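Values in this document were obtained by computation on a predicted structure and should not be read as measured data.
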Amino acid sequence: MNYVNQTNKWELIRYPIPDIFLHALDELKSGTLVIWTDLDRIIPTNTLNSNEIVKGKFLEQMEKVRQHLSMTFHRFIEEKNIKLFCWGHEIKPWNPFLLTEKATQAFPEEHFNEAKMKGYVLPHKCHLTEEIYKTAEGINGWTNQQGFYVYRGKRLILAGDWLGLFRKEEHYKLVRIQIDLPNKLDTDWQIDIKKSTARPPFTCREQIKKYTLEVRNRGVEVFRHRGKILTIRKQQEFQSLWLEKKQGKKYSFIINRDHLMIAEFKQLAKIEPDKAIEYLLRFVEETIPTKSVFIRESEQGVNTEPFEETNLEVVKLMIKQIYKTQIATGKNVEQVKLILASMEPFNNFPELIEIVDSYE
C-alpha cells in the first residue's frame with residue numbers, strides 16, 4: 001500500500017525477504033512463506049514494544065487469523081494434502097460438523113445441478129465435554145455459526161449463513177449444512193472474485209429449502225429435548241406431561257390430564273391433600289417446557305395472556321372463593337378487591353374483580 005501511495009501504480013514488485021526468514025524453508029521439500037509487515041491498521045505506527053494493551057489486541061487478531069485458516073482449509077488439512085503453520089505452530093483443522101461425535105446426526109446426501117448438500121444436527125450441549133462444546137462454537141459462537149457451509153473445490157468460502165432463505169434463531173443453532181460446488185458453477189452461484197460470497201440459483205432454491213426444513217425440524221427437536229432419543233417399547237405410547245395445544249395460529253401448553261402421574265396425585269389428594277398439591281407443584285416447576293415456549297413465541301411473534309380465549313368460569317370461581325375467605329377474616333369489600341388486583345393472574349381481569357361482591 002505504501003508503494004502504491006508513493007508511485008500511484010498497481011504493480012507486482014519483488015519484496016526483499018527479511019534476513020530472519022531467508023532460510024525458513026530450507027529444510028522443506030516445498031512450501032510457501034507468507035510474511036505480513038507494517039500492520040498499521042492493527043497496531044498504530046510508533047507503538048512501543050512495552051505496550052501490553054496493544055500487544056493483547058494484536059494477539060487477539062492473530063488468533064482470529066489462525067481460527068479462520070483452521071476453518072477455511074480444514075478439509076485440505078484433514079486429508080493431509082497441506083500443513084499450515086502460524087508462528088511455528090501447526091494449525092489443526094476445525095470441522096464444523098463434529099463428525100467424530102457419536103451423537104451428531106447426519107442426513108442423506110442430496111444432489112442438485114452438479115452440486116451436493118449434506119445436513120448435520122450437532123449434539124446438544126449435555127452430550128459434549130466442555131472443551132469440545134467451546135471449540136465447536138467456532139469463531140462467531142453457536143447461534144451465528146448455524147446455517148450453510150458452502151465449499152468450492154473443498155475450500156470453505158461461506159460459513160454459517162442461511163443464504164437469505166431463513167433467519168438465524170437460537171433454536172436452530174445446532175443445524176449446519178454442507179454444500180459442495182464445483183468450479184464450473186461460479187457464475188450460477190454468483191461467486192465473487194474474492195471467493196467470499198455465494199447466492200443459490202433460483203432453479204434450485206426450492207429443493208435446497210425443502211431439504212433444509214427437514215434438517216432444521218430435527219435440530220429444533222434436539223435443542224428442545226436435549227438430544228434425548230425417545231424409544232417406544234412393546235407398542236407403549238410415550239406419555240408427555242405437557243401437551244402443545246394449537247388454536248388458529250397460536251400455540252399454548254397444557255398439562256396432560258390423562259398422564260398416569262396426575263391420576264396418582266388425585267388418589268393421594270384423598271388421603272394427604274397438602275402433600276399431593278406440593279408434589280404436583282414441584283413437578284410443574286421442574287418440567288415447564290421453557291425451550292418449547294421460547295420457540296413458539298419466537299415463531300408467533302406474540303405473547304398470550306393467561307386464560308386468553310378460554311372459559312373464565314374457573315377464574316370466577318377462584319376469585320369468588322378468595323373473596324369469601326378474606327371477607328370472613330374481617331376485611332371489607334374494597335380491601336379484598338385491592339388484594340385480588342395485586343394478585344397474579346387475577347390482575348388481568350379487573351372487570352371480574354370489580355363485580356366480585358355480586359357473585360352468588
> Show the nearest heavy-atom pair for residues Ala341 and Asn347, with the distance to one decimal.
O-CB, 3.2 Å
> Distance from Lys125 atom NZ to Trp142 atom CH2, nearest 0.5 Å?
10.0 Å
> Are more than 12 heavy atoms from other residues, nucleotides or ligands located less than 6.0 Å from atom CD of Glu27?
no
> Once rounded to the nearest 0.5 Å, what's the spacing between atom CG of Leu39 and atom CZ of Arg41?
11.0 Å
> Can you sort out the partners of Tyr151 under ring pair (Phe, Tyr, Trp, His ring centres under 6.0 Å), two or more places apart, ordered by chain and number?
His74
> Would you say the side chain of Val336 lies within less than 4.5 Å of the side chain of Ile353, judging by non-hydrogen atoms?
no
> Find out if a path of hydrophobic residues (ILVMFWY) with successive side-chain heavy-atom gaps under 4.5 Å connects Leu243 to Val284.
no
> For atom CD of Glu11, decide whether the heavy atoms of other residues, nucleotides or ligands shown that lie under 6.0 angstrom number more than 12.
yes
> Please indicate whether Asp19 has more than 12 foreign heavy atoms, meaning atoms of other residues, nucleotides or ligands, lying under 6.0 Å from its CG.
no
> Closer than 4.0 angstrom, basic N to acidic O: yes or no for Lys275 and Glu278?
no
> When you check the side-chain N and O atoms of Glu109 and Gln178, is any donor under 3.5 Å from an acceptor?
no
> Quick one: pull up CD in Glu351 and CG in Asn348 and give me the separation to the nearest 0.5 Å.
9.5 Å
> Inspect the surroundings of NZ in Lys168 and state if more than 12 heavy atoms from other residues, nucleotides or ligands are less than 6.0 Å away.
yes
> Excluding sequence neighbours, so at least two apart, what forms ring pair (Phe, Tyr, Trp, His ring centres under 6.0 Å) with Phe97?
Tyr120, Tyr149
> Look only at the side chain of Ser70 and the backbone of Lys92, and say whether a donor-acceptor pair between them is shorter than 3.5 Å.
yes
> Please tell me if the side chains of Leu22 and Ile20 come closer than 4.5 Å, counting only heavy atoms from C-beta onward.
no
> Evaluate the side-chain proximity of Leu268 to Tyr279: yes if any heavy-atom separation is below 4.5 Å, no if none is.
yes
> Kindly indicate, with the supporting measurements, whether the criterion side-chain contact (heavy atoms from CB on, under 4.5 Å) is fulfilled by Leu98 and Leu128.
CA-CA 10 Å; Leu98 283 184; Leu128 301 173; 4.1 Å; yes
> Is it true that Glu131 and Lys134 make a salt bridge, defined as a side-chain N closer than 4.0 Å to a carboxylate O?
no
> So, for Gly153 and Phe76, which heavy atoms are closest and what is the spacing to 0.1 Å?
O-CZ, 3.4 Å
> Should Lys184 and Glu114 count as an ion pair when the cut-off is N to O under 4.0 Å?
yes
> When you check the gap from the basic side-chain N to the acidic O, do Lys118 and Glu110 get nearer than 4.0 Å?
no
> Check for me, please, whether Trp36 and Leu69 land in the same ILVMFWY cluster - side-chain distances under 4.5 Å, paths through other members count.
yes
> Should Leu165 and Phe148 count as side-chain neighbours, where that means a heavy-atom distance under 4.5 Å?
yes
> Kindly confirm or rule out a cation-pi arrangement of Arg216 over Trp162, judged by NZ or CZ under 6.0 Å from the six-membered ring centre and within 45° of its axis?
yes
> Could you tell me whether the side chains of Thr135 and Trp94 share a donor-acceptor contact shorter than 3.5 Å?
no
> Are more than 12 heavy atoms from other residues, nucleotides or ligands located less than 6.0 Å from atom CG of Asn5?
yes
> Using every non-hydrogen atom in the two residues, find where Ile35 and Pro18 come nearest and quote the distance to one decimal.
CD1-CD, 4.0 Å
> Just wondering, do Thr143 and Tyr172 contact through their side chains at under 4.5 Å, heavy atoms?
no
> How far apart are the C-alpha atoms of Glu313 and Lys316, what are their side-chain angles, what is the distance that settles it, and do they pass the salt bridge (Lys or Arg N to Asp or Glu O under 4.0 Å) test?
CA-CA 5 Å; Glu313 286 305 314; Lys316 292 179 181 178; 3.7 Å; yes
> Using a 6.0 Å cut-off, check whether atom CD of Glu354 has over 12 heavy atoms from anything other than its own residue.
no
> Is a salt bridge present between Glu170 and Lys173, judged by a nitrogen-to-oxygen distance below 4.0 Å?
yes
> Any side-chain heavy atom of Met71 sitting closer than 4.5 Å to one from Ile139?
yes
> Distance check, rounded to the nearest 0.5 Å: Asn332 atom CG versus Gln326 atom CD?
11.5 Å
> Establish, yes or no, whether the cationic atom of Arg205 lies under 6.0 Å from the six-membered ring centre of Phe202 and within 45° of the ring axis.
yes
> Quick one: do Arg199 and Asp188 make a salt bridge, cutoff under 4.0 Å?
no
> Please tell me if the side chains of Met117 and Phe107 come closer than 4.5 Å, counting only heavy atoms from C-beta onward.
no
> For Glu79, is there an ion pair with Lys154 - N to carboxylate O distance below 4.0 angstrom?
yes
> Kindly indicate whether the side chain of Leu280, heavy atoms from C-beta on, has any atom under 4.5 Å from the side chain of Ile262.
yes
> Taking all heavy atoms of Val150 and all of Leu156, pick out the closest pair and write down the distance.
O-CD1, 3.5 Å
> Please name the pair of heavy atoms, one in Ile191 and one in Leu181, separated by the smallest distance, quoted to 0.1 Å.
CD1-CD1, 4.1 Å
> Scan side-chain atoms only and decide if Gln146 and Arg176 contain a donor-acceptor pair under the 3.5 Å cut-off.
no
> Which heavy atom in Val54 sits nearest to a heavy atom in Asn51, and how many Å separate them?
N-OD1, 3.1 Å
> Please step through side-chain contact (heavy atoms from CB on, under 4.5 Å) for the pair Asn95 and Glu78, ending with a clear verdict.
CA-CA 9 Å; Asn95 189 309; Glu78 289 168 338; 3.0 Å; yes
> For Ile53, does the CD1 atom sit with more than 12 other heavy atoms under 6.0 Å from it, leaving out its own atoms?
no
> Hey, is the main chain of Ala115 close enough, under 3.5 Å, to the side chain of Asn113 for a donor-acceptor pair?
no
> Rounded to the nearest 0.5 Å, how far apart are OG1 of Thr32 and CG of Leu84?
10.0 Å
> side-chain contact (heavy atoms from CB on, under 4.5 Å), that's the test. Do Phe85 and Ile91 meet it? Break it down for me.
CA-CA 6 Å; Phe85 296 85; Ile91 295 177; over 6 Å; no
> Could you walk me through whether Arg66 and Glu63 pass salt bridge (Lys or Arg N to Asp or Glu O under 4.0 Å), step by step?
CA-CA 5 Å; Arg66 185 196 66 77; Glu63 174 59 19; 2.6 Å; yes
> Is the CD atom of Gln321 crowded by more than 12 outside heavy atoms at less than 6.0 Å?
no
> Would you kindly confirm whether Ile277 and Ile322 end up in one hydrophobic cluster when ILVMFWY residues are joined by side chain heavy atoms under 4.5 Å apart?
no
> Is there a donor-acceptor pair under 3.5 Å between the side chain of Trp10 and the backbone N or O of Val4?
no
> Count I, L, V, M, F, W, Y as connected when their side-chain heavy atoms are under 4.5 Å apart, and connections chain through other members. Are Leu99 and Ile132 then in the same cluster?
yes
> Just verifying a value: how many Å separate Lys57 NZ and Thr47 OG1, rounded to the nearest 0.5 Å?
10.5 Å
> Is there a side-chain contact (heavy atoms from CB on, under 4.5 Å) between Tyr323 and Lys337? Walk through the geometry before answering.
CA-CA 8 Å; Tyr323 172 78; Lys337 286 183 178 180; 5.9 Å; no
> Linking I/L/V/M/F/W/Y whenever their side-chain heavy atoms sit closer than 4.5 Å, directly or via other members, would Phe21 and Leu28 fall into one cluster?
yes
